[in-house]
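Read the structure below first, then the notes.
Throughout, protein chains are lettered first and strands after them, A, B, ... in sequence-line order, and every chain is numbered starting at 1.
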There are 2 protein chains.
Amino acid sequence: MHEDREAIHKAPLFSGLFAEELDGLLIHARTRQIKPHEVIFAEGDKAGAFYFIAMGAVRLYRLSARGDEKVIEILMAGSTFAEAVVFLGGRYPVYAAALSETRLVEIPIGDFTRTLKANGGMALRMLAGISMRLHQLINDVQSLTLETAGQRVAAYLLEQSPPDAQSADVHMVIHKNVIASRLGVKAETFSRVLATLRDLGLITVSGNDIHIVDRPGLERWRASVGT
Amino acid sequence: MHEDREAIHKAPLFSGLFAEELDGLLIHARTRQIKPHEVIFAEGDKAGAFYFIAMGAVRLYRLSARGDEKVIEILMAGSTFAEAVVFLGGRYPVYAAALSETRLVEIPIGDFTRTLKANGGMALRMLAGISMRLHQLINDVQSLTLETAGQRVAAYLLEQSPPDAQSADVHMVIHKNVIASRLGVKAETFSRVLATLRDLGLITVSGNDIHIVDRPGLERWRASVGT
DNA sequence: CGATGTGTTGATGTGCGTCAATAGAAGTGG
DNA sequence: CCACTTCTATTGACGCACATCAACACATCG
């Protein structure tokens, strides 16, 4: 049926569904091809669907009154987003835009509620997924208020690499200003932090590839200084 | 059965339950009396229960490595909290402490999952509740990164009063440093912002009571300046 | 009435944003 | 394949919003 049917079935939210249930959900689904920077939906838009990312990447963000942007979340292929919108009065609470050439599967929320009610397991998986994002946001709030810019950047590098490694490589697929905004930091500051980490011999940078030379050292730096 | 049974039934999460279902959930519930400042659970504690506030108030917070505190949420009587913990690997992601003399109903999560699975409506209400808090946290993240301290304080005053009123009264039941932390601001700064708003004739302050003299003016101040 | 806790106000410091200039990297077209 | 534009990233100089440190005013309470 859908070209991305298999990939969709692997998404956490849908993984427990029977084939027929999934097909039912996808009956009215359609594929959308999105160009880089193209806006998928705007904050305040009437929400009629949620999305699965078959290919590409998406950023969710908010705009301030003055037009400044804060990236709330960066999503890669295989993720779903805006599922929770079903419960938020039918308006999207954020903007969504493509970071690169992206293929989305747009799933109308139509009778999604009914599906959820009928399928207890799916409701639980959705609760699990939303709870994790809740937890993530709590972490964000904490680090935005209690940690320095340096600590947030260090934390980002650390969580992008396996916890128990002595050294590791981080490949930044997306533009640095997007990552910076996600971390609640200006691009310039992000750049400066990487520079000091490089000068300390904790990392090496070449283009979009960061090599963490001394992971334990980076952890220590994060805990102690952060500046 | 439970002395607070009626109040519990009014909580959003439980309002749709049949009497027997509620009773089933409360079989193993017990009441806890908590003194001001007493810690209910700590971050990282093994999570065995969630809570209903029958009386009093509770703050959820995080601690930084240096011991600084950020209040994530302030909860009043009639609210439930830590429901989502069922889906978070069994550890509380925050601290919880009483703000005043407080009576809690502690509900073991034991067969909560089973109840959820059986009762589709309850799962949906829980999804709705968690989604709202998700939305709230997105707002927090945005205002922490894109708004000034003054704007956050103004926003707080505005959301504590009816939207369409010309003037209004805000009674601050809890200590100002707790509110300040909730807003991501130091107590001194909170105090200073209130002082400038007073000097501008937008509010008057007497003890824990704030009178908003000119709500539209406060909205305008928030939008324009915030400093 | 001292003691302890909570809020206000002043003086000073600083982390990070802002503004600006430059260097690369990448894409475009002849 | 090379000029030319355009975009992203880096680095420096500077300023400001807010934190920090500190002194004081006022409560409340034993």
With a 4.0 Å cut-off on heavy atoms, is A:Arg152 in touch with a base, just the backbone sugar-phosphate, or nothing at all?
-> nothing

Between A:Tyr156 and A:Phe190, how do the two ring planes meet: parallel, tilted or perpendicular, split at 30° and 60°?
-> perpendicular

Decide yes or no for B:Val153 and B:Arg222: does some side-chain heavy atom of the first lie under 4.5 Å from some side-chain heavy atom of the second?
-> no

Flag if over 12 foreign heavy atoms under 6.0 Å of CE, B:Met132 = no

Would you mind telling me which of C:dG7, D:dT8, C:dC16 lies closest to the side-chain atoms of A:His175?
-> D:dT8

With heavy atoms under 4.0 Å as the rule, sort B:Ala195 into base, sugar-phosphate or nothing.
-> sugar-phosphate

Of A:Gln160, A:His171, A:Met172, the residue whose pairing with A:Ile210 passes side-chain contact (heavy atoms from CB on, under 4.5 Å) | A:Met172

A:Ala149 side-chain proximity, nearest of C:dC16, D:dC18, D:dT10 | C:dC16

Within the structure, does a side-chain N or O atom of A:Asn177 lie under 4.0 Å from either OP1 or OP2 of D:dA9?
-> yes

Atom pairs under 3.5 Å: protein N/O with N/O of nucleotides 21-28 of chain C:
none

Should the ring pair A:Phe81 and A:Phe41 be called parallel, tilted or perpendicular, given that the plane angle runs from 0 to 90° and is split at 30 and 60?
-> tilted

For nucleotides 20-30 of chain D, read 5' to 3', which letter fits each nucleotide if B means a protein heavy atom sits under 4.0 Å from the base, S means only the sugar-phosphate is that close, and - means neither?
-> BB---------

Check: A:Ser131 and B:Ile130 side chains under 4.5 Å, non-hydrogen atoms = yes

Heavy-atom check, side chain of B:Ile138 versus side chain of A:Arg62, under 4.5 Å | yes

List in numerical order all residues of residues 199-214 of chain A for which some heavy atom is under 4.0 Å away from an atom belonging to DNA chain D.
-> none

